[in-house]
Q: 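The structure's right below; bear with me while I get my questions together.
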Amino acid sequence: MKPDTYSRQMVITAAILLIAFVGISLSIFIPLLSIAMERGQVSATLSGLNTAMAGIGTLAIAPFIPRLAARFGIRSILLIAIMVAALTAISFPFTSFSLWFPIRFVFGAALGTLFVLSEYWINAAAPEDRRGMVMGIYATVLSLGFAAGPLVLLATGTSGILPYCMGAGIILLALLPLLLVRGSVPEIHDNANTSAISMMAAMPVATCAALVFGAIETGGFALFPVYGLRNAMTETTAATLISIAAAGNVVSQIPLGWLSDRVSRPQLLLVCALIGVLGCIAMPFTVAEPWLFFAVLFVWGGFTGGLYTVGLAHLGSRFKGADLANANAAFVMLYSIGLIVGPPLVGAGMDLLGVHGFAVVLGIMLALYAILILQRLALSKH
């Protein structure tokens with residue numbers, strides 16, 4: 001193996017490890033804080049608003065991240081973000097619920113910074129002919145990290161300060177990959193030609209993939225158990241629906257990433273969206289047959305999850321340097337918007353259209369995205 005190839009692999013591995021630790025800690029704190037607020041008899045509305053503060057924090061900081069990284073260095077900003085995330089994480093059990101709103105805002109801003117710069121790091125370091133494959137590995141490791149968080153809570157419980165200490169400690173583990181590669185972290189040396197906001201218009205197919213995936217991930221995953229219960233499933237069966245869709249997501253990311261290196265990425269995104277639409281159409285007709293419904297969810301989760309992976313690879317193939325950092329910031333911003341708007345939209349669909357409004361709203365989101373891709377593909381031919 002050539003030394004430069006080995007060093008490139010080490011740099012990419014370090015970035016993926018860093019974000020894996022962040023993913024584990026994030027999946028610890030999302031349920032942990034919700035449970036703590038429920039135990040403290042905080043209303044569901046306020047609990048939901050508190051969760052949204054993390055997304056708002058990401059939205060607030062994301063446009064400024066590339067400029068800060070160019071001025072102070074990516075490694076320095078990552079170090080600061082890790083320390084801020086760990087300090088805010090450990091402060092939750094020592095503060096009142098009213099203070100959790102500004103703390104969650106800062107926590108979300110720190111985590112958003114880690115996601116934007118880690119994804120830039122991976123995209124910048126990935127070889128052009130294997131960019132999709134690298135993004136697939138990243139998405140798979142991140143998904144496994146999200147799955148590991150609840151397992152940590154099984155070991156620590158949700159009471160006392162131990163789970164908070166464990167979550168903060170896992171965030172601090174993200175310092176290790178930075179120490180391993182030291183001077184090999186990609187830096188931003190040029191000035192961006194466009195802002196993060198303008199990137200949304202410059203590459204709508206790639207950036208809107210994040211918006212749709214964010215809305216589907218939170219809207220679908222948050223209400224899958226409700227959809228199952230309203231279709232006469234037991235609580236245990238309804239709870240497994242999220243795991244089945246997530247398993248499809250984990251299994252599919254590397255194959256889809258590999259495929260995106262060999263075919264048109266916009267066309268592959270179109271295929272992912274259309275299969276997602278077909279899955280939504282199939283849900284009402286298969287929900288009464290559990291194993292058939294599970295198969296639909298597995299495939300649906302796999303291809304809709306591909307929107308994030310292939311969308312990121314598409315960004316990396318188009319932009320370099322500061323423009324790529326701004327593109328990654330736009331990607332994370334739209335993903336955060338999706339996180340905020342997804343659950344209310346899907347919930348409203350169920351209230352207005354009945355139980356199958358769940359599938360209808362998800363299908364409409366995916367269909368609108370497919371129409372956007374078709375329009376962009378048609379424009380590119382003229």
Side-chain angles (χ1 to χ4, degrees), residues 9 11-27 30 58 111-112 114-127 130-149 174 177 205-218 220-221 242-263 265-266 268-269 271-273 275-276 297-317 324 327-328 330-332 334-336 338-339 342 366 369:
Q9 289 179 351
V11 168
I12 293 171
T13 300
I16 291 175
L17 280 176
L18 185 154
I19 206 64
F21 289 129
V22 174
I24 295 170
S25 61
L26 181 57
S27 65
I30 289 175
T58 297
L111 293 181
L114 293 172
F115 273 100
V116 169
L117 292 182
S118 295
E119 288 178 355
Y120 166 78
W121 175 351
I122 296 166
N123 237 332
R130 295 197 301 277
R131 186 181 307 280
M133 181 71 156
V134 169
M135 289 302 165
I137 295 170
Y138 158 69
T140 301
V141 172
L142 182 59
S143 296
L144 292 172
F146 280 138
V205 169
T207 52
C208 285
L211 173 67
V212 176
F213 177 70
I216 286 173
E217 184 182 44
T218 52
F221 281 33
I242 295 174
S243 299
I244 293 166
N249 187 359
V250 170
V251 169
S252 69
Q253 295 318 299
I254 292 176
L256 284 174
W258 175 87
L259 187 60
S260 79
D261 291 327
R262 289 155 177 80
V263 301
R265 290 187 177 115
L268 182 56
L269 286 167
V271 170
C272 289
I275 291 176
L297 280 193
F298 185 85
V299 174
W300 181 87
F303 279 93
T304 55
L307 296 177
Y308 196 92
T309 301
V310 181
L312 262 181
H314 189 33
L315 279 184
S317 66
L324 177 57
N328 273 115
F331 197 83
V332 172
L334 281 171
Y335 174 73
S336 298
L339 295 183
L366 289 159
Y369 178 60

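Note that the numbering runs from 1 along the sequence shown for the chain.
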Q: Using 0.5 Å steps for rounding, measure from the OG atom of S143 to the OH atom of Y138.
A: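 Reported to 0.5 Å precision, the distance equals 9.0 Å.
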Q: What distance do W300 atom CH2 and S252 atom OG have between them, rounded to the nearest 0.5 Å?
A: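 Rounded to the nearest 0.5 Å, the CH2-OG separation comes to 12.0 Å.
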Q: Assess whether side chain to side chain contact (heavy atoms under 4.5 Å, CB included) is satisfied between L307 and L366, documenting all intermediate values.
A: CA-CA 10 Å; L307 296 177; L366 289 159; 4.0 Å; yes
Q: Between D261 (side chain) and G132 (backbone), is there a donor-acceptor pair under 3.5 Å?
A: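 Yes.
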Q: If we check side chain to side chain contact (heavy atoms under 4.5 Å, CB included) with E119, which of these qualifies: L114, L315, V332?
A: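 The passing option is V332.
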Q: With side chains defined as the heavy atoms from C-beta onward, is the minimum distance between N249 and Y308 less than 4.5 Å?
A: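 In short, these two side chains do not touch, never coming nearer than 4.5 Å.
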Q: Supply the atom-to-atom distance L256 CG to R265 CZ, rounded to the nearest 0.5 angstrom.
A: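 One gets 12.0 Å once the value is rounded to the nearest 0.5 Å.
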Q: Minimum heavy-atom separation for V11 and A125, please, with both atom names.
A: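 The pair with the smallest heavy-atom distance is CG1-CB, 4.1 Å.
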Q: So T304 and E217, do their side chains get closer than 4.5 Å, heavy atoms only?
A: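 The answer is no, as the side chains (C-beta and beyond) never meet within the 4.5 Å cut-off.
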Q: Report yes if the side chains of I19 and W121 come closer than 4.5 Å at any heavy-atom pair, otherwise no.
A: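 SC-SC contact between I19 and W121 ruled out.
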Q: At their closest point, which heavy atom of V116 faces which heavy atom of N328, and how far apart are they?
A: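 Reported closest heavy-atom pair: O-CB, 4.0 Å.
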Q: How far apart are the closest heavy atoms of L324 and G316, and which atoms are they?
A: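 Reported closest heavy-atom pair: CD1-CA, 3.9 Å.
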Q: Using a 4.5 Å cut-off on heavy atoms from C-beta on, say whether the side chain of L312 contacts that of S260.
A: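 A side-chain contact is absent here, since even the closest heavy-atom pair is not under 4.5 Å.
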Q: When rounded to the nearest 0.5 angstrom, what distance separates OH in Y335 from SG in C208?
A: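 Y335 atom OH to C208 atom SG measures 15.5 Å (nearest 0.5 Å).
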Q: Indicate the atoms forming the closest heavy-atom contact of S27 with G149, along with that distance.
A: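 Shortest heavy-atom separation between S27 and G149 comes out as OG-CA, 3.0 Å.
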Q: With heavy-atom distances below 4.5 Å as the criterion, would you say the side chains of T13 and L17 are in contact?
A: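 Sidechains of L17 and T13: in contact.
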Q: Give the minimum heavy-atom separation between L142 and G23, together with the two atoms involved.
A: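 Of all heavy-atom pairs spanning L142 and G23, the closest is CD1-CA, 4.0 Å.
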Q: Please name all residues satisfying side-chain contact (heavy atoms from CB on, under 4.5 Å) with A139, sequence neighbours left out, ordered by chain then number.
A: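 Here the qualifying residues are Q253, T309.
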Q: Quick check: closest heavy atoms across A20 and V141, and the distance to 0.1 Å?
A: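 Heavy-atom minimum between the residues: CB-CG1, 3.6 Å.
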Q: Quick check: does any side chain N or O of R131 sit under 3.5 Å from a backbone N or O of N123, one acting as donor and the other as acceptor?
A: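 Yes, because the side chain of R131 sits within donor-acceptor range (under 3.5 Å) of the backbone of N123.
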Q: Tell me every residue that passes side-chain hydrogen bond (donor to acceptor under 3.5 Å, both in side chains) with Y369, counting only those two or more places apart in sequence or in another chain.
A: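 Residues passing side-chain hydrogen bond (donor to acceptor under 3.5 Å, both in side chains) with Y369: none at all.
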Q: Can you tell me how far the CG atom of L26 sits from the CD1 atom of I24, to the nearest 0.5 Å?
A: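 L26 atom CG to I24 atom CD1 measures 11.0 Å (nearest 0.5 Å).
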Q: Side chains of T58 and F115: does their closest heavy-atom pair fall under 4.5 Å?
A: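 The answer is no; the side chains never approach within 4.5 Å.
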Q: Any chance you could measure L334, atom CG, to T207, atom OG1, to the nearest 0.5 Å?
A: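 Spacing of CG (L334) from OG1 (T207) equals 5.0 Å.
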